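Beneath this line is the structure, given in structure tokens, with notes to follow.
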Amino acid sequence: MQIRKITQCYFSPRGTTKKVVTAIARQFSGPSVSFDLMEQPLTKQEQLSSDTLLIIGMPVYAGRIPKMCAEMLKNLKGSNTPAIAAVVYGNREYDDALIELRDLLKENGFSLISAGAFIARHSIFQDVAPNRPDTKDRRILKEFSEKSSLILDKFNENTATDLEVKGNSPYCQPGNVPLKPSGDKKCTACGLCVKVCPTHSIDIANPKKTKKDTCISCGACIQICPKNSRGYHGPLYKIAAKKFRKKCAEYKRPELFYLT
């Protein structure tokens with residue numbers, strides 16, 4: 001199939017999901033545009049033509065893609081448009097995130113030619129999978145992209161079937177992560193965390209605090225803080241981190257799915 005344009009779409013508060021999508025897109029030639037949902041929330045409908053390839057990546061939070069992203073993706077429409085989907089998780093499990101993303105894309109007129117669940121440094125417990133994606137991951141990403149390209153060459157929108165991926169429907173109920181980042185005494189009230197927070201959970205009047213009922217623990221505020229002030233603090237975090245490290249120490253490999 002002749003592709004005239006590549007569209008990348010991702011939500012990447014700590015930068016790792018963007019890395020995965022960029023690595024996949026690198027294997028395809030042609031003009032490329034990007035939708036960074038952190039910087040450009042999809043508030044109005046975007047229509048992609050059938051000669052566009054969509055490469056989309058979402059982080060996994062508590063076994064699902066972020067609710068706010070699921071809502072935004074309803075505005076991304078295709079017309080039997082081929083797509084490659086990736087979910088990125090922190091070495092625990094991706095549960096129903098990939099099948100949820102697949103179903104969202106299918107409803108909106110996209111045809112998945114391939115999909116993958118990739119591992120990256122955990123967004124809360126940063127010493128879990130600290131160097132992922134690593135050299136092995138990058139090699140697998142390259143192989144995944146090359147195989148996806150071969151499938152795309154033979155893709156026929158009129159005969160395409162549904163891509164089978166791992167997951168359950170109905171999906172698991174997304175849990176509420178009790179751990180929320182906050183600022184400490186190093187905070188200078190520069191306001192960068194206030195600007196970057198996708199759920200507006202930080203008030204410029206008191207940027208050390210976080211609105212716990214709206215924060216999704218994405219880590220964008222930690223990533224941007226120039227003073228390393230924002231983070232996860234307190235005894236509850238230390239206890240949870242120790243348990244999580246022990247539970248998720250196993251080295252996991254990406255799981256890949258291809259249209260046959």
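For clarity, every value in this text was computed on a predicted model and none was experimentally measured.
- Taking the side chain as every heavy atom from C-beta outward, I24 and L141 approach each other to under 4.5 Å.
- Residue-environment remark: NZ (K180) exceeds the threshold of 12 foreign heavy atoms within 6.0 Å.
- Hydrophobic clustering (side-chain heavy atoms under 4.5 Å, transitive across Ile, Leu, Val, Met, Phe, Trp, Tyr) groups I113 together with I140.
- Checked against the 6.0 Å centroid criterion, the rings of Y10 and F35 do not qualify as a close aromatic pair.
- Side-chain atoms of N91 and Y251 form no donor-acceptor pair, as typed in the model, at a separation below 3.5 Å.
- Panel note: side chain R138, backbone P133; a donor-acceptor pair is recorded below 3.5 Å.
- Every pair tested for ring-ring contact (aromatic ring centres under 6.0 Å, His included) that includes a residue from residues 53-85 fails, sequence neighbours excluded, so the list is empty.
- In this structure, F244 is not a member of the same hydrophobic cluster as I216, with clusters built from ILVMFWY side-chain heavy atoms closer than 4.5 Å.
- Closest of all the heavy-atom pairs between P59 and P66 is O-CD, 3.3 Å.
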Donor-acceptor pairs under 3.5 angstrom involving side-chain atoms of residues 191-203: please list them, not counting sequence neighbours.
residue, atom, partner, partner atom, Å
T199, OG1, S201, OG, 2.7
T199, OG1, T214, O, 3.4
S201, OG, T214, OG1, 2.6
S201, OG, C215, N, 3.2
D203, OD1, A205, N, 3.0

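- L48 and M72 fall within a single hydrophobic cluster, where Ile, Leu, Val, Met, Phe, Trp and Tyr are joined by side-chain heavy atoms under 4.5 Å apart, directly or via other members.
- Residue V60 is not grouped with residue I124 when hydrophobic side chains (ILVMFWY) are merged at heavy-atom distances under 4.5 angstrom, including chains of intermediate members.
- Applying the side-chain hydrogen bond (donor to acceptor under 3.5 Å, both in side chains) test to every pair with at least one member in residues 221-237, sequence neighbours left out, gives these pairs: R14-Q223, S182-H233, D184-S229, T210-R230.
- Between atom CG of residue L104 and atom CD of residue E71 there is a gap of 9.0 Å, rounded to the nearest 0.5 Å.
- Evaluation of the salt bridge (Lys or Arg N to Asp or Glu O under 4.0 Å) rule for D137 yields R132 as partners, not counting sequence neighbours.
- Transitive grouping of hydrophobic side chains (ILVMFWY, heavy atoms separated by less than 4.5 Å) brings L42 and I65 into a common cluster.
- Nearest approach of S12 to T16, heavy atoms of both residues: OG-N, 3.4 Å.
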Could you go through Y171 and D95, starting from their C-alpha distance and side-chain angles, then the distance that decides it, and tell me whether this counts as side chain to side chain donor-acceptor pair (under 3.5 Å)? CA-CA 8 Å; Y171 317 128; D95 296 317; over 6 Å; no

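- Checked by atom type and distance alone, the side chain of S149 never pairs as donor or acceptor with a backbone atom of S145 at under 3.5 Å.
- A donor-acceptor pair is defined here as one N or O able to donate and one able to accept, closer than 3.5 Å; no such pair exists between the side chain of N168 and the backbone of P170.
- Taken to the nearest 0.5 Å, the CG atom of L37 stands 6.0 Å off from the CG atom of L73.
- Rounded to the nearest 0.5 Å, atoms CG (L179) and NZ (K212) are 9.5 Å apart.
- Of all the heavy atoms in G116 and L256, the pair that sits closest is CA-CD2, 4.2 Å.
- Closest heavy-atom contact between C221 and P181: SG-CG, 3.7 Å.
- The number of heavy atoms from other shown groups lying within 6.0 Å of CD (Q45) is above 12.
- With rounding to the nearest 0.5 angstrom, the OG atom of S111 is 4.0 Å from the CZ atom of F155.
- In the displayed structure, K186 atom NZ is contacted under 6.0 Å by more than 12 heavy atoms of other residues, nucleotides or ligands.
- The CZ atom of R92 sits 7.5 Å away from the NE2 atom of H122 when rounded to the nearest 0.5 Å.
- Qualifying side-chain contact (heavy atoms from CB on, under 4.5 Å) partners for E146, counting only residues two or more places apart in sequence or in other chains: Q27, K142.
- Under 3.5 Å, the side chains of Q8 and S32 contain a donor-acceptor pair of N or O atoms.
- Residues F11 and T17 form no side-chain contact, since every pair of their non-hydrogen atoms from C-beta on lies 4.5 Å or further apart.
- Across L98 and A115, no two heavy atoms sit closer than the pair CD1-CB, 4.0 Å.
- A salt bridge links K106 with D162: the closest approach of a Lys/Arg side-chain nitrogen to an acidic carboxylate oxygen falls below 4.0 angstrom.
- Using a 4.5 Å heavy-atom threshold, the side chains of S79 and F110 count as separate.
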Working for side-chain contact (heavy atoms from CB on, under 4.5 Å), residues V21 and I56: CA-CA 7 Å; V21 171; I56 186 167; over 6 Å; no

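- In this structure, K77 contributes its side chain and K74 its backbone to a donor-acceptor pair below 3.5 Å.
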Dump the intermediate steps for side-chain contact (heavy atoms from CB on, under 4.5 Å) on L112 and I84, then the final yes or no. CA-CA 6 Å; L112 275 188; I84 299 172; 5.8 Å; no

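- The two residues A86 and L101 have their closest heavy-atom pair at O-CD2, 3.9 Å.
- Pairs of residues two or more places apart, or lying in two chains, never qualify as salt bridge (charged side-chain N to carboxylate O under 4.0 Å, His left out) while including a residue from residues 109-125.
- Under the rule for a salt bridge (Lys or Arg N to Asp or Glu O under 4.0 Å), R102 has no partner lying at least two apart in sequence or in another chain.
- S49 and T52 form a side-chain donor-acceptor contact under 3.5 Å, judged by distance and modelled atom types alone.
- Cluster partners of I239, using a side-chain heavy-atom cutoff of under 4.5 Å among ILVMFWY residues and allowing indirect links: none.
- With contacts defined as side-chain heavy-atom distances shorter than 4.5 Å, the pair C9/S34 does not qualify.
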F257 and S114: CA distance, side-chain angles, deciding distance, side-chain contact (heavy atoms from CB on, under 4.5 Å) verdict: CA-CA 6 Å; F257 306 88; S114 61; over 6 Å; no

For side-chain contact (heavy atoms from CB on, under 4.5 Å), just list the numbers for N75 and N108, CA-CA rounded to whole Å, side-chain angles, deciding distance to a tenth of an Å, and then say yes or no. CA-CA 8 Å; N75 287 320; N108 283 10; over 6 Å; no

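- Every residue meeting the ring-ring contact (aromatic ring centres under 6.0 Å, His included) condition with Y89, not counting sequence neighbours, appears here in chain and number order: Y94.
- Applying the 6.0 Å contact sphere to NZ of K147 captures no more than 12 heavy atoms from other residues, nucleotides or ligands.
- The distance from the SG atom of C248 to the CD atom of E93 is 9.5 Å, given to the nearest 0.5 Å.
- Sorted by first and then second residue, the salt bridge (charged side-chain N to carboxylate O under 4.0 Å, His left out) pairs with a member in residues 43-59 read R4-D51; sequence neighbours excluded.
- Scanning for salt bridge (Lys or Arg N to Asp or Glu O under 4.0 Å) contacts around D127 gives R245, with sequence neighbours left out.
- Scanning for salt bridge (Lys or Arg N to Asp or Glu O under 4.0 Å) contacts around K5 gives an empty result, with sequence neighbours left out.
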